[in-house]
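Notes follow once the structure below has been shown.
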Amino acid sequence: MTENLSVEQRGLRESATYDRTTIAAIQRAAETGIYDIRGWGAKRKLPHFDDLLFLGASMSRYPLEGYRERCDTDVVLGGRNAKYPLHLSTPVTIAGMSFGALSAGAKEALGRGASEVGTSTTTGDGGMTPEERGQSKHLVYQYLPSRYGMNPEDLRKADAIEVVLGQGAKPGGGGMLLGQKISERVAGMRTLPQGIDQRSACRHPDWTGPDDLAIKINELREITDWEKPIYVKVGASRTYYDVKLAVHSGADVVVVDGMQGGTAATQEVFIEHVGIPTLAAIPQAVQALQELGVHRRAGVGAGRDAVQLIVSGGIRNGADVAKAMALGADAVAIGTAALIALGDNDPRYAKEYEALGSAAGYYDDFQDGRDPAGISTQDPELAARFDPVLGGKRLANFLRVMTMEAQTIARACGKAHLQHLEPEDLVAITIEAAAMARVPMAGTNWIPGSGL
Ligand SMILES: Cc1cc2nc3c(=O)[nH]c(=O)nc-3n(C[C@H](O)[C@H](O)[C@H](O)COP(=O)(O)O)c2cc1C
């Protein structure tokens, strides 16, 4: 009688190669004949910020008093060429997420939350909505290969421009927005038919390399009177070379998005198998900027010719922010965590997630447009469930907590500004993380791969 025994008690053994997820994927492919598309970023376990720890001060270093001594958090982005660089109160910014992928209310809430704490938010594939512009103090306008929703008027309304070359979830790939999310309004902004799947281009139509990009960037500067910082965003892969070329092309700010980075909709095979982890990308980017002599941190005393580095991909809390900055980022961007703060994957909707074949905490079917929380949908009834004012407040709270957490760590390391965190403050607890982040294994001076 084995029916009352668990699988382990029955001595059954799950294959590490053919685990249940793999079996289900093969069965799904066999049944449907189509590949799996989903949102979120890579779900496999990768070397990440959790594999790093800070060395708090004690005798050899002097900590700062938690609630009494200053630890500043401001950052200036894009002072290299722009007349009006962005002055942000916190280095935690909101990443580009498209209207189309997200409801208009969710986009508005991102602007409200970011503005409340003095940081920036970003448009996305599909253009700028008036609600988003209206509620965003600092709005970065994405200039994407698809050019969906792109118009020079909106370009001039933006506070910065982000030329998107790629995303960490899919370096080398373009966007996807399935027909069920192409409402009349989304279709109108993209000048494409309603209800038909849209696959955005994976490369820009009018330039093929860094020299052409330099011309394009100059065009963008001319159209906007040299007022706005120009960012270049790349998905993490050959990061050292990509960052060097981005700077060569004239970027004021480089955004590097690692493979844990979220997406609204991409092939599962792409998300899990293309790109490199965020942790591996940061030191490569920093090395490139240092070799070009432009890795001077923004803020007080920063040189005019500094190029700032924004890092994204799997940033979830203040510890991640502090670790990214210690490794050399000037600021970070968040996507998935911001959506969760708005109410994505909320257990209040547990039953509805289950009805969709998912569960609260697992829901990644952003492509479907049936999000019970009203965030990744264009369905008017579902979208009406979402309150942009409340969502904005929740996001502002979350951004405040992240900033205070990062300050807590910085003070413990004796730093009076988040920008003062440095690689020397970090150790790693796995060999992989030590090698990728280029910091020593805890308790040793050993950086694998460095010869030290
Ligand atoms: C719903 C959603 C929509 C997105 N849309 C865009 C987009 O339009 N353009 C873009 O460059 N990146 C887009 N991204 C990627 C984000 O800008 C960012 O790189 C990524 O979310 C960062 O990783 P994180 O989600 O782990 O914070 C999107 C991400 C999500 C989750």
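All residue numbers in this chain count up from 1 along the given sequence. All ligand and atom numbering here is 1-based and tracks the order in the structure.
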Atom 9 (N) of ligand 1 has as its nearest protein heavy atom Q142 OE1, 2.8 Å
Can you tell if the side chain of L165 reaches within under 4.5 Å of the side chain of D242, non-hydrogen atoms only?
-> no
### Task
Might you confirm whether atom NZ of K393 has over 12 heavy atoms from other residues, nucleotides or ligands at distances under 6.0 Å?
no
Can you confirm whether more than 12 heavy atoms, excluding those of R28, are under 6.0 Å from its CZ atom? yes
Nearest non-hydrogen protein atom to atom 19 (O) of ligand 1, with distance, is D257 OD2, 2.7 Å
- Task: Taking only Lys NZ, Arg NE, NH1 and NH2, and the carboxylate oxygens of Asp or Glu, determine whether D159 and R133 approach each other closer than 4.0 Å.
- Result: yes
Numbered in order shown, the ligand 1 atoms found under 4.0 Å of a heavy atom of K233 are 10 (C), 11 (O), 12 (N), 15 (C), 16 (C), 17 (O), 18 (C), 19 (O)
Check: Would you say the side chains of R438 and Q287 form a donor-acceptor pair under 3.5 Å?
Finding: yes
Under 4.0 Å from one or more heavy atoms of V164, ligand 1 contributes atoms 11 (O)
Of all heavy-atom pairs linking G374 and F386, the shortest is O-CB, 3.8 Å
Ligand 1 to Q260, heavy atom cutoff 4.0 Å, flagged ligand atoms 26 (O)
Report task. Look at D320 together with K323 and state whether they make a salt bridge at an N to O cut-off of under 4.0 Å. Result -> no
Atom 24 (P) of ligand 1: closest protein heavy atom, distance to 0.1 Å, is G262 N, 3.5 Å
Near A264 (heavy-atom distance under 4.0 Å), the atoms of ligand 1 are 1 (C), 2 (C), 3 (C), 30 (C)
If we number the atoms of ligand 1 from 1 as shown, the ones under 4.0 Å from a heavy atom of G313 are 22 (C), 23 (O), 26 (O)
ask   = Quick check: does G261 get an N/O under 3.5 Å from an N/O on ligand 1?
value = no
Minimal heavy-atom distance between A360 and A350, with the atoms involved, is CB-CA, 4.4 Å
Short version for T122: what comes under 4.0 Å of ligand 1, heavy atoms counted, is neither
Less than 4.0 Å is my threshold; does some heavy atom of S376 fall inside it relative to ligand 1?
no
Can G314 be said to touch ligand 1, with heavy atoms closer than 4.0 Å? yes
Contacts of Q367 meeting side-chain hydrogen bond (donor to acceptor under 3.5 Å, both in side chains) (sequence neighbours excluded), chain-then-number -> D365
the protein heavy atom lying closest to atom 27 (O) of ligand 1 turns out to be G335 N, 2.8 Å
So salt bridge (charged side-chain N to carboxylate O under 4.0 Å, His left out) across residues 181-205, not counting sequence neighbours, yields E131-R185
Residues Q419 and D74: closest non-hydrogen pair is NE2-O, 3.8 Å
heavy-atom search around atom 28 (C) of ligand 1 in the protein gives G96 O, 3.5 Å
With a sphere of 6.0 Å drawn around NZ of K351, does it hold more than 12 non-hydrogen atoms of other residues, nucleotides or ligands? no
min-distance protein heavy atom vs atom 25 (O) of ligand 1 -> T336 OG1, 2.5 Å
Taking only non-hydrogen atoms of I334 and a 4.0 Å limit, the atoms of ligand 1 in range are 27 (O)
Logged contact type for Q167 with ligand 1, heavy-atom cut-off 4.0 Å, is side chain
A student checking ligand 1 against G124 at a 4.0 Å heavy-atom cut-off should list atoms 8 (O)
re atom 8 (O) of ligand 1, the protein heavy-atom contact at minimum distance is D125 N, 2.9 Å
